[in-house]
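Have a look at the structure below, then the notes.
Proteins get letters first, then strands, A, B, ... in listed order; numbering begins at 1 in each. This structure is a prediction, so every number in the text was calculated from the model and none was measured.
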Amino acid sequence: MKQCLFTVLENTPLTEAVMRLRLQGDTSAVIRPGQFVNIKLEGRFLRRPISVCDVEGDVLTLIYKVVGGGTEQLRTMTPGMRLDLLTGLGNGYDLSPAGDHPLVIGGGVGVPPMYWLTKELLASGRKVTAVLGFNTANEVFYDDMFRALGAEVILTTADGSRGVKGFVTDAMAGLGYSYFYACGPEPMLKAVWRTARGSGQLSFEKRMGCGFGACMGCSCRTITGSKRICREGPVLTKEEIRWDD
Amino acid sequence: MKQCLFTVLENTPLTEAVMRLRLQGDTSAVIRPGQFVNIKLEGRFLRRPISVCDVEGDVLTLIYKVVGGGTEQLRTMTPGMRLDLLTGLGNGYDLSPAGDHPLVIGGGVGVPPMYWLTKELLASGRKVTAVLGFNTANEVFYDDMFRALGAEVILTTADGSRGVKGFVTDAMAGLGYSYFYACGPEPMLKAVWRTARGSGQLSFEKRMGCGFGACMGCSCRTITGSKRICREGPVLTKEEIRWDD
Amino acid sequence: MGRLSVNLCGVELDNPVIPASGTFGYGYEFAELYDINVLGTFSCKGTTLRPRFGNDTPRIAEAPAGMINAVGLQNPGVDRVIAEELPRLKSVFRKPMMANVSGFSVEEYAAVCQKLDREPQVGWLEVNISCPNVHGGGMSFGTDPAQAAAVTRAVKAVTAKPVIMKLSPNVTDIVAVAKACEEAGADGISLINTLMAMRIDLKTRRSVLANTTGGLSGPAVFPVALRMVWQVARAVSVPVIGLGGVSSAEDVIEMMLAGATAVEIGAANLVHPYICRDIIAALPEVMDRYGINNLRDIIGGANP
Amino acid sequence: MGRLSVNLCGVELDNPVIPASGTFGYGYEFAELYDINVLGTFSCKGTTLRPRFGNDTPRIAEAPAGMINAVGLQNPGVDRVIAEELPRLKSVFRKPMMANVSGFSVEEYAAVCQKLDREPQVGWLEVNISCPNVHGGGMSFGTDPAQAAAVTRAVKAVTAKPVIMKLSPNVTDIVAVAKACEEAGADGISLINTLMAMRIDLKTRRSVLANTTGGLSGPAVFPVALRMVWQVARAVSVPVIGLGGVSSAEDVIEMMLAGATAVEIGAANLVHPYICRDIIAALPEVMDRYGINNLRDIIGGANP
Ligand SMILES: Cc1cc2nc3c(=O)[nH]c(=O)nc-3n(C[C@H](O)[C@H](O)[C@H](O)COP(=O)(O)OP(=O)(O)OC[C@H]3O[C@@H](n4cnc5c(N)ncnc54)[C@H](O)[C@@H]3O)c2cc1C
Ligand SMILES: Cc1cc2nc3c(=O)[nH]c(=O)nc-3n(C[C@H](O)[C@H](O)[C@H](O)COP(=O)(O)OP(=O)(O)OC[C@H]3O[C@@H](n4cnc5c(N)ncnc54)[C@H](O)[C@@H]3O)c2cc1C
Ligand SMILES: Cc1cc2nc3c(=O)[nH]c(=O)nc-3n(C[C@H](O)[C@H](O)[C@H](O)COP(=O)(O)O)c2cc1C
Ligand SMILES: Cc1cc2nc3c(=O)[nH]c(=O)nc-3n(C[C@H](O)[C@H](O)[C@H](O)COP(=O)(O)O)c2cc1C
Ligand code: FES
Ligand code: FES
């Protein structure tokens with residue numbers, strides 16, 4: 001983990017509510033796809049956790065959805081402004097078990113972390129299929145970016161306004177893959193966990209006090225005991241996940 | 001009273017700790033020298049009261065000393081930034097009893113409000129002598145501005161490093177004047193009140209909750225009953241002042 | 001009956017927004033700024049039997065997301081309030097107003113309420129029991145359920161107007177105090193008053209306040225106030241007025257979901273003089289955003 | 001003896017800065033960030049007899065100038081703390097540490113303290129009496145002076161280490177609880193724990209916390225904490241540790257002027273992981289600014 005000041009390079013809308021933020025600074029602690037950063041905003045006490053969508057040299061790309069006061073405030077940041085970040089948080093995805101043709105599954109703002117993951121998987125010579133799920137056509141973002149990387153992209157929308165009608169699990173049925181990686185809202189993760197064949201890794205969200213393991217605010221029960229989503233997570237393996245409800 | 005957004009035009013140091021802030025906005029509620037504005041600063045709950053030093057059209061000049069967190073934050077404002085102000089607060093000085101040769105007495109950051117007052121007194125055809133008191137030579141500001149207006153200026157410094165050595169009351173001894181106006185730290189006001197011949201008006205400071213008469217935070221006892229420094233003050237007449245300690 | 005209207009102890013309010021005692025004077029300072037008839041009602045400066053200058057100054061201090069006050073109930077006394085303030089108010093406010101009452105003995109509370117009972121402009125008596133009890137060792141009436149009940153009974157005996165008991169949050173068990181007031185006949189409960197607090201000036205090494213301690217209010221106390229409103233609203237059957245740090249339409253709705261029938265706004269008025277008017281104006285849009293048709297439907301509507 | 005050093009219950013601290021329980025884990029997360037030997041000491045995560053997962057999630061919420069937590073004492077239980085955490089800590093922290101202890105009955109408190117009494121790494125036992133008392137109707141041990149005294153006595157009976165009783169601020173009379181602890185043998189008092197609070201999510205119309213209520217901490221509570229430290233420090237003769245919202249060197253000094261011998265820092269660590277180190281580094285300059293030669297000279301040095 002590192003605490004560093006980053007400078008805003010770009011903060012532009014991808015859809016009505018989703019923004020892309022590009023930041024310049026010390027990215028040396030950001031080492032694995034699936035990790036996140038924790039952003040301090042003036043006048044808000046707790047930091048806001050956002051996954052790393054991409055890192056290229058000293059430039060970090062984050063994609064966030066405006067859902068409340070903090071992300072609304074983030075939306076007002078303009079190039080040149082500075083943000084205090086904790087970087088390199090969380091375990092990130094383990095690429096070693098991916099096999100030759102992993103499936104990456106992203107839903108909504110679970111899509112961004114899959115981008116860097118896909119890039120790394122492709123860079124290691126694997127074939128990647130990406131199933132990207134959204135609610136409706138005008139909420140879709142980054143599908144072209146995944147294609148540009150060289151991934152096969154299957155788009156789903158709940159209302160069928162673009163791509164396959166339905167959920168990511170509908171698109172997954174019948175697909176062949178060596179391993180899977182998933183990030184998205186909890187109901188999606190649960191459905192993926194229930195229906196996906198084979199092994200995989202899933203990334204979770206929890207309200208966080210610190211983001212680096214100090215407060216026990218983000219604990220979750222796994223079959224191997226309790227884990228802190230911010231430290232032993234956010235990525236858990238399919239096998240260790242316990243759904244309590 | 002009005003609540004308006006002002007744009008910073010200038011925020012420059014006059015001495016090591018004293019800054020001049022020029023703001024553009026709706027000055028229509030600012031009608032009398034001796035009135036003040038109340039400034040909202042991001043992240044501070046209470047507004048900060050500052051006297052009007054001058055008003056020319058839609059440009060307001062304030063002079064403030066950096067003494068704590070709020071004024072420190074004010075120092076970081078740069079041209080183009082915006083500030084939420086309550087304007088036109090307080091009674092201000094009554095010019096009618098001034099006579100033909102009033103004396104204006106300012107001490108430290110009590111000097112700024114005397115500037116606009118002096119300007120108005122001169123504009124009404126009066127002769128003005130200004131006694132301006134500071135601690136030491138490099139804390140002096142605005143004496144030349146008073147001279148440029150056409151006032152006779154007597155400068156005092158406590159350590160004698162410029163002008164008359166001593167306090168404003170030392171310089172006042174032997175001066176002839178028709179009426180007096182004073183603003184400065186409470187010990188100075190008390191000394192002026194005790195030693196000044198004839199009648200006059202003195203301006204006070206109190207910790208304020210609102211600045212416009214709603215909270216009773218700023219009350220002071222006068223011989224005619226309690227007054228709110230923010231509304232029936234900050235200017236009191238020599239005759240009504242009661243010193244309780 | 002509009003979307004915003006609520007019923008407070010039998011009196012219909014156009015909306016639940018009420019400036020809190022001590023932050024709105026006797027109303028007419030704000031009447032210079034906007035038409036205060038847009039308010040549900042307002043609670044006037046705490047009124048005592050005799051005139052009071054209050055505590056020495058400084059009696060205001062800044063705090064993180066809030067302020068501390070030790071004004072100490074400055075007011076002209078109930079007789080001048082009736083003779084001067086109420087007539088003056090009449091010309092700018094045509095709704096029933098809430099008279100906030102304080103005292104230093106049970107008898108004083110009753111005496112003030114008895115006088116105000118005769119005033120047709122007064123819609124409710126809000127009885128502030130956080131003042132120190134001079135006959136009870138200095139602890140406030142609001143910290144002991146039995147004393148809170150005693151004040152309630154004494155006041156109820158002298159007035160036919162709805163009596164709202166305003167509680168201090170500086171207690172171990174707010175529910176016990178609220179229930180004692182309800183059992184003694186209170187028609188409503190308002191909470192919270194300020195949290196006892198202090199700041200020290202590092203330069204002078206003295207309290208920032210001449211009175212040493214004061215009361216914290218503003219956004220800092222909102223989560224504590226909300227918790228107490230939640231606890232009390234579930235324990236009593238009379239209406240609860242929620243206050244403490246409210247400063248947006250969202251905060252009003254949060255308080256009402258927790259169980260408040262109406263919501264007072266205190267410190268925020270001092271910093272943003274138009275805030276009550278602006279919150280009332282903002283409510284319909286915020287209600288739409290959260291799928292609320294009528295505010296009265298959501299009172300106590302939150303689940304644990 | 002440096003300018004910053006203070007004596008806490010007979011043990012010399014290099015400086016008065018102590019990360020507060022629950023915000024610093026068992027120390028080694030922070031040891032990855034900086035050499036935690038710069039600290040006066042630190043108070044570990046609240047330790048109970050049996051392992052606890054704590055409350056359901058979400059158990060964190062944002063508040064104005066603060067946060068609410070309902071972690072619910074997640075910890076591996078005292079036996080694993082002794083078997084695993086303390087040995088692991090030894091490699092990164094060579095000073096005596098403060099063991100924070102919780103329990104749900106008097107016997108549990110005593111059992112945990114008895115085990116920790118044998119550990120040479122433990123310099124002080126900090127006994128948190130704000131947990132609900134399962135045998136006493138759910139109210140916390142810290143809200144009743146008699147029960148607070150009972151816990152103090154039980155713990156003192158099983159340990160020779162200094163016992164610091166950590167008080168809950170959710171009480172009418174904090175001085176009564178502090179004095180009861182002192183009379184029962186407490187070697188020190190630390191305060192405050194969190195203020196009971198709540199937030200409701202407008203979208204779901206449910207509490208933001210699975211546990212419904214939680215504890216408010218952070219700058220918002222600083223003026224309340226300072227007031228309680230002031231009151232308690234004047235009423236007891238044992239050392240007082242002040243905490244609640246401290247987030248700067250100035251806050252440390254303000255707490256000490258109010259009467260604190262040492263100062264804990266909680267929520268601020270979560271947002272600014274280097275804050276304790278930075279405050280310690282800033283103290284000498286801030287002391288110079290306010291004419292303070294040695295911190296120990298200013299303890300309780302403020303006037304009303
Ligand atoms: C590990 C991790 C990675 C994330 N990555 C992304 C991402 O790449 N893009 C993105 O758009 N969002 C992401 N989120 C969710 C994002 O953190 C929240 O949307 C954001 O914190 C909301 O803040 P707010 O102030 O706008 O909302 P508010 O609802 O006002 O926030 C109030 C509090 O709740 C917390 N909170 C609210 N929603 C969430 C949530 N879903 N998860 C955790 N805490 C929450 C906030 O952090 C804050 O403390 C991630 C969350 C986690 C835990
Ligand atoms: C009517 C009036 C006119 C004023 N005019 C000027 C002026 O023209 N130039 C100038 O430099 N200063 C003026 N002051 C003083 C100025 O308001 C304070 O210096 C300023 O508020 C300090 O804020 P801070 O955050 O830097 O200090 P802090 O000490 O951190 O402030 C903490 C709190 O105390 C209040 N406070 C601190 N000092 C004073 C003070 N002397 N008077 C009132 N409240 C105080 C602050 O407003 C704030 O609420 C005036 C004060 C009043 C009441
Ligand atoms: C300056 C000031 C004066 C107050 N005077 C009174 C009063 O006279 N009577 C009373 O019942 N409450 C008084 N209060 C308390 C408020 O009415 C309210 O209960 C408290 O401030 C919490 O609300 P807030 O956080 O919105 O300010 C006063 C508060 C402030 C800030
Ligand atoms: C996430 C979190 C967990 C906490 N856990 C404990 C605990 O286990 N034992 C305890 O005595 N206090 C606990 N506390 C309370 C703190 O130690 C401290 O008393 C309180 O937060 C006030 O200090 P602060 O405002 O600096 O955070 C916890 C606080 C937080 C924020
Ligand atoms: S958020 Fe604090 S431990 Fe995970
Ligand atoms: S500052 Fe509020 S009445 Fe003067």
Report task. Mind ranking Gly245(D), Ala65(D), Ala225(D) by heavy-atom pairs under 4.5 Å with chain C and telling me who comes out on top? Result -> Ala65(D)

**Report entry** Pick from Ala63(D), Pro219(D), Pro223(D), Gly218(D) with the largest number of heavy-atom pairs that fall under 4.5 Å of chain C
**Finding:** Pro223(D)

Report summary line: Between Arg199(C) and Phe222(D) the two heavy atoms that sit nearest each other are NE-CE2, 3.6 Å

Query raised in the report: Quick one: of Ile253(C), Asn211(C), Ile200(C), who has the most non-hydrogen atom pairs under 4.5 Å with chain D?
Result: Ile200(C)

Requested in this report: Measure distances from Leu216(D) to the heavy atoms of chain C and classify the residue's part below 4.5 Å as side chain, backbone, both or neither.
Outcome: side chain

Query raised in the report: Given the options Ala302(D), Ala61(D), Ser168(D), which has more heavy-atom pairs under 4.5 Å with chain C than any of the others?
Result: Ala302(D)

Report summary line: Ranked by heavy-atom pairs below 4.5 Å to chain C, first place among Thr213(D), Thr204(D), Leu257(D) goes to Leu257(D)

Requested in this report: Below 4.5 Å from any heavy atom of chain C, which atoms of Ile292(D) appear? Answer side chain, backbone, both or neither.
Outcome: both

Query raised in the report: Among Met255(D), Arg206(D), Gln231(D), Met228(D), which residue forms the greatest number of heavy-atom pairs with chain C at distances under 4.5 Å?
Result: Arg206(D)

Query raised in the report: Should Leu202(C) and Arg289(D) count as side-chain neighbours, where that means a heavy-atom distance under 4.5 Å?
Result: no

Requested in this report: Rounded to the nearest 0.5 Å, what's the gap from CG on Asp173(C) to OG1 on Thr172(D)? Could you check?
Outcome: 8.5 Å

Query raised in the report: Arg227(D) versus Asn170(C): any side-chain heavy-atom pair under 4.5 Å?
Result: yes

Query raised in the report: What closest approach, in Å, do Met198(D) and Leu226(C) show between heavy atoms, and which atom pair accounts for it?
Result: O-CD2, 3.2 Å

Query raised in the report: When rounded to the nearest 0.5 angstrom, what distance separates CG in Asp201(C) from CG in Asn303(D)?
Result: 12.0 Å

**Report entry** Contact origin within Thr143(D) toward chain C - heavy atom pairs under 4.5 Å
**Finding:** both

**Report entry** Interface moiety of Ile68(D) toward chain C, non-hydrogen atoms closer than 4.5 Å
**Finding:** side chain

